[in-house]
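Indexing begins at 1, ligand by ligand and atom by atom, following the structure's order. As a basis for the values below, the full set of heavy atoms in this structure was taken, side chains included, without hydrogen atoms, waters or symmetry mates.
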Amino acid sequence: MNRLPVWIDGDPGVDDAAAIFVAHDREELQIVGISAVAGNAPLDITTKNALCLCDMMQADYPVYRGASGPLMRAYEDGADFHGADGMGGTNLPAPKRSAETQSAWDALYEEAKKHDGKLEVVAMGPLTNIALALSKYPDLKNLIHRIAIMGGSVTRGNRTPCAEYNIFADPDAAQIVFRSGVKVVMCPLEVTEQAYLTAQELEALRTTEKGEFYYQASKHILAKNLEAGHEGFCIHDVCPVLYLAREDIFKGEDAGVFVETQSNLTLGKTVCDLYSDKQFDVKNTFVALEIDREAFVEAVSRAMK
Ligand code: RIB
Ligand code: CA
């Protein structure tokens with residue numbers, strides 16, 4: 001099987017960790033690089049966590065440091081959700097190796113040139129690194145096949161009533177990505193909220209080292225969700241990875257999507273013309289709206305083996 005070359009950019013982060021495990025496990029995908037961005041935790045921590053996850057997978061994927069904050073706004077982290085260590089308080093030991101010296105955006109461009117327009121990019125944190133790469137290298141847009149993101153929403157928000165965290169954290173970067181001309185696959189909250197594990201499904205992962213780690217990293221997030229009356233906790237970032245590997249388990253529609261970058265009230269809103277009479281001039285995005293949850297659970301469980 002021809003494996004799709006995939007660059008993974010994120011802010012590990014508990015759900016980012018599961019996404020990286022799933023990408024590593026899929027025979028349809030070949031990880032060619034991992035870049036860290038400030039988001040769920042500061043850059044030093046998300047970079048360390050990316051290296052630690054590679055140690056857990058016994059994988060030597062190159063890991064690159066990216067942006068330590070948004071393009072034009074103050075950085076705010078997600079420690080209240082992912083913990084000060086970005087990994088639910090598991091406080092992983094120091095990684096066996098260091099990050100590469102090249103910046104994330106330069107390394108992404110160098111890698112993209114090797115794949116003749118076929119490189120797939122997964123972005124599952126603030127889009128700062130991707131925006132910087134697209135801005136610094138105008139020809140990069142012709143070298144990337146798709147940018148599959150966890151981010152945005154059609155009708156809701158988890159950082160404000162209308163904005164999802166990854167987009168809200170750097171709306172200017174997100175706008176650059178949506179306007180870039182590269183096909184975007186958007187996995188918004190509408191689909192990622194279907195991608196959840198119940199307490200029983202999380203418990204069932206504990207038979208392996210990765211599964212036990214994931215249980216310890218996720219148990220606080222699970223408890224918060226159960227307290228709020230949810231059936232389980234969402235592993236948002238697995239969705240863009242799984243879309244590239246198993247498009248067949250998703251449903252969605254092409255749409256025009258752009259980002260609010262001016263208004264305080266709606267900052268970071270992904271304005272989507274899916275249900276509007278008035279449509280944008282372009283369908284720049286495939287918006288995933290449904291996922292087969294059974295297939296999702298099976299993919300996560302398999303990746304934890
Ligand atoms: O809104 C969910 C997103 O924000 C996920 O990518 C999670 O890791 C956080 O970055
Ligand atoms: Ca993330």
Side-chain angles (χ1 to χ4, degrees), residues 7-23 34-43 45-50 53 63 66-70 75-88 90 104 121-130 147-171 173-174 177 184-197 214 217-218 220-222 224-225 228 230 232-243 259 267-270 287-288 291 296 300:
W7 182 281
I8 297 186
D9 184 84
D11 54 344
V14 175
D15 55 333
D16 304 68
I20 291 171
F21 287 162
V22 169
I34 298 175
S35 49
V37 65
N40 290 325
L43 179 63
I45 293 179
T46 57
T47 304
K48 175 210 168 190
N49 289 339
L53 294 169
V63 172
S68 55
Y75 163 67
E76 51 168 86
D77 72 18
D80 55 333
F81 214 63
H82 294 258
D85 70 333
M87 280 295 164
T90 50
V121 173
V122 168
M124 50 191 189
L127 290 164
T128 319
N129 292 342
I130 313 304
I147 301 174
I149 76 168
M150 189 283 135
S153 62
V154 181
T155 60
R156 62 193 79 172
N158 65 359
R159 177 64 190 74
T160 73
C162 68
E164 176 278 326
Y165 172 77
N166 285 339
I167 307 298
F168 180 85
D170 195 343
V177 170
V184 176
V185 173
M186 178 166 99
C187 295
L189 292 174
E190 280 78 8
V191 74
T192 66
E193 287 178 349
Q194 299 169 40
Y196 66 86
L197 287 190
Y214 205 70
S218 308
H220 306 296
I221 295 176
L222 171 67
K224 278 185 185 172
N225 277 273
H230 300 306
F233 72 103
C234 300
I235 314 186
H236 302 275
D237 292 339
V238 166
C239 288
V241 169
L242 214 39
Y243 180 86
V259 181
L267 185 68
K269 166 79 185 146
T270 42
V287 181
I291 184 171
F296 157 79
V300 171

Under 3.5 Å: donor-acceptor pair, side chain of Y75, backbone of G39: yes
Check: G125 main-chain N/O paired with D9 side-chain donor or acceptor under 3.5 Å: no
Atoms in ligand 1 flagged as close to N158, the criterion being non-hydrogen separation under 4.0 Å: 1 (O), 2 (C)
Under 3.5 Å: donor-acceptor pair, side chain of Q194, backbone of I291: yes
Atoms of ligand 1, numbered as shown, that sit under 4.0 Å from any heavy atom of N40: 7 (C), 8 (O), 9 (C), 10 (O)
Test item: side-chain donor near acceptor, T46 and D11, under 3.5 Å: no
Closest non-hydrogen atom pair, N225 against G232: CB-O, 3.1 Å
Distance filter under 4.0 Å to M124 heavy atoms, resulting ligand 1 atoms: 6 (O)
Backbone or side-chain N or O of H236 under 3.5 Å from ligand 1 N or O: no
Heavy-atom closest pair, residues A104 and G66: CB-CA, 3.6 Å
N/O/S atom of M124 inside 3.0 Å of the Ca ion (ligand 2), strictly under: yes
From V37, N166, D15 - option closest to atom 7 (C) of ligand 1 by heavy atom: D15
Name, closest N/O/S atom of D237 to the Ca ion (ligand 2): OD2
K269 side chain to V154 backbone, donor-acceptor under 3.5 Å: yes
Residue part near ligand 1, for D16, under 4.0 Å between non-hydrogen atoms: side chain
Which of the ligand 1 atoms, numbered from 1, are nearer than 4.0 Å to a heavy atom of M150: 2 (C), 3 (C), 5 (C), 6 (O)
Presence of N, O or S from D15 under 3.0 Å of the Ca ion (ligand 2): no
Option of least heavy-atom distance to atom 2 (C) of ligand 1 (set: E193, E164, H82, R159): E164
No-hydrogen, no-angle side-chain donor-acceptor test under 3.5 Å, E190 and T155: yes
Short side-chain to backbone donor-acceptor contact, Y214 and V14, under 3.5 Å: yes
Identity and distance of the protein heavy atom lying nearest atom 6 (O) of ligand 1: D237 OD1, 2.6 Å
Residue D11 atom name (nearest to the Ca ion (ligand 2); N/O/S): OD1
